[in-house]
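Have a look at the structure below before the remarks.
Just so you know, ligand 1 is whichever comes first in the structure, and atom 1 is the first atom listed for that ligand.
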Amino acid sequence: SGQELRSEFQNLGTLTENISLCFLVIMFPNGRIVGEKIFMTSGYEGNFDSLKQRCSQAGGQLASPRNAAENAAIQQIVVLYNKSVFLGINDIQTEGRFTYLNGENIVYSNWQTREPNNDKGIEDCVEVYSSGKWNDKSCGEKRLIVCEF
Ligand code: GMH
Ligand code: CA
């Protein structure tokens, strides 16, 4: 988690742990720290599966905001890049029931008015607009990556 990474750095922990943190910062230079989480983008754009895989490969997961402060941090990255992002939230398993990647029902949402609308019956993923509001969107669309660590 972000807190673990920070405390390791503050404690001048092991060399390999500090190298890991430097590697993370180099790979994802644009980060936002909120409580115990760090949200970061590499600038990569891809479909939901591709974004999910890349975050996982980097040792994190696709951004999954659990409160307004975390959503605001993600919104800042959307504004900075002028590109919408996909969250680690979807209703692939059960239409209309949005969950995190671990299957847990979401505890926070920030839907745009009249969303989610499952437009054309094919919208199971969630994008964040520059307003910070959410829209359900087809998982096959390409959006900016934001991972959390
Ligand atoms: C439809 C309309 C729009 C809405 C889009 C969006 C697609 O085209 O309801 O007003 O913005 O769907 O929900 O994801
Ligand atoms: Ca929609």
Side-chain angles (χ1 to χ4, degrees), residues 1-9 17 20-149:
S1 70
Q3 188 174 51
E4 284 162 346
L5 285 169
R6 270 194 311 284
S7 59
E8 285 299 335
F9 193 62
E17 281 159 348
S20 297
L21 178 61
C22 290
F23 181 74
L24 202 60
V25 170
I26 288 163
M27 292 299 286
F28 299 98
N30 289 292
R32 292 286 181 279
I33 297 173
V34 183
E36 300 191 1
K37 283 187 188 174
I38 301 176
F39 294 100
M40 287 184 188
T41 183
S42 65
Y44 175 78
E45 294 170 72
N47 64 26
F48 174 75
D49 282 341
S50 170
L51 303 182
K52 192 174 74 166
Q53 188 179 354
R54 284 208 172 211
C55 285
S56 173
Q57 198 147 20
Q61 68 165 359
L62 205 46
S64 307
R66 297 181 71 95
N67 55 54
E70 292 184 1
N71 196 69
I74 296 164
Q75 179 189 359
Q76 287 173 15
I77 296 173
V78 172
V79 170
L80 194 64
Y81 279 74
N82 194 29
K83 287 173 182 169
S84 295
V85 307
F86 269 146
L87 298 177
I89 292 174
N90 63 70
D91 71 341
I92 292 170
Q93 195 170 7
T94 305
E95 176 54 38
R97 184 173 69 88
F98 285 87
T99 72
Y100 301 112
L101 299 176
N102 66 5
E104 175 194 1
N105 287 344
I106 56 174
V107 297
Y108 164 85
S109 65
N110 194 35
W111 296 111
Q112 172 87 290
T113 311
R114 289 183 291 277
E115 304 294 350
N117 64 353
N118 196 28
D119 191 38
K120 300 185 175 81
I122 57 164
E123 298 190 320
D124 290 345
C125 283
V126 181
E127 65 175 339
V128 180
Y129 293 143
S130 57
S131 61
K133 290 292 177 181
W134 297 6
N135 173 45
D136 61 340
K137 197 72 184 176
S138 166
C139 300
E141 296 291 318
K142 291 186 175 173
R143 292 293 181 268
L144 178 67
I145 194 170
V146 176
C147 308
E148 64 179 37
F149 299 91

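Using a 4.5 Å heavy-atom threshold, the side chains of E123 and N118 count as touching. Between R66 and E148, every side-chain heavy-atom pair lies at or beyond the 4.5 Å cut-off.
By the criterion of a separation under 3.0 Å, the protein N/O/S atoms near the Ca ion (ligand 2) amount to E115 OE1, N117 OD1, E123 OE1, N135 OD1, D136 O, D136 OD1.
Within the model, atoms OG of S130 and CD of Q75 stand 7.5 Å from one another, a figure rounded to the nearest 0.5 Å. Rounding to the nearest 0.5 angstrom, the gap separating the OG1 atom in T94 from the CG atom in N105 is 9.0 Å.
Using modelled atom types, no side-chain atom of N90 and backbone atom of D124 make a donor-acceptor pair closer than 3.5 Å. Side chain of K137 to backbone of F86: no donor-acceptor contact under 3.5 angstrom is found.
Ordered by chain and residue number, the residues placing a heavy atom less than 4.0 Å from ligand 1 are E115, N117, D119, E123, N135, D136, K137.
With no hydrogens or angles considered, a side-chain donor-acceptor pair links N110 and K133 at under 3.5 Å.
Partner of V85 under the side chain to side chain contact (heavy atoms under 4.5 Å, CB included) criterion, chosen from L62, I145, V126, L144: L144.
In this structure, F98 has its ring center no closer than 6.0 Å to that of W134.
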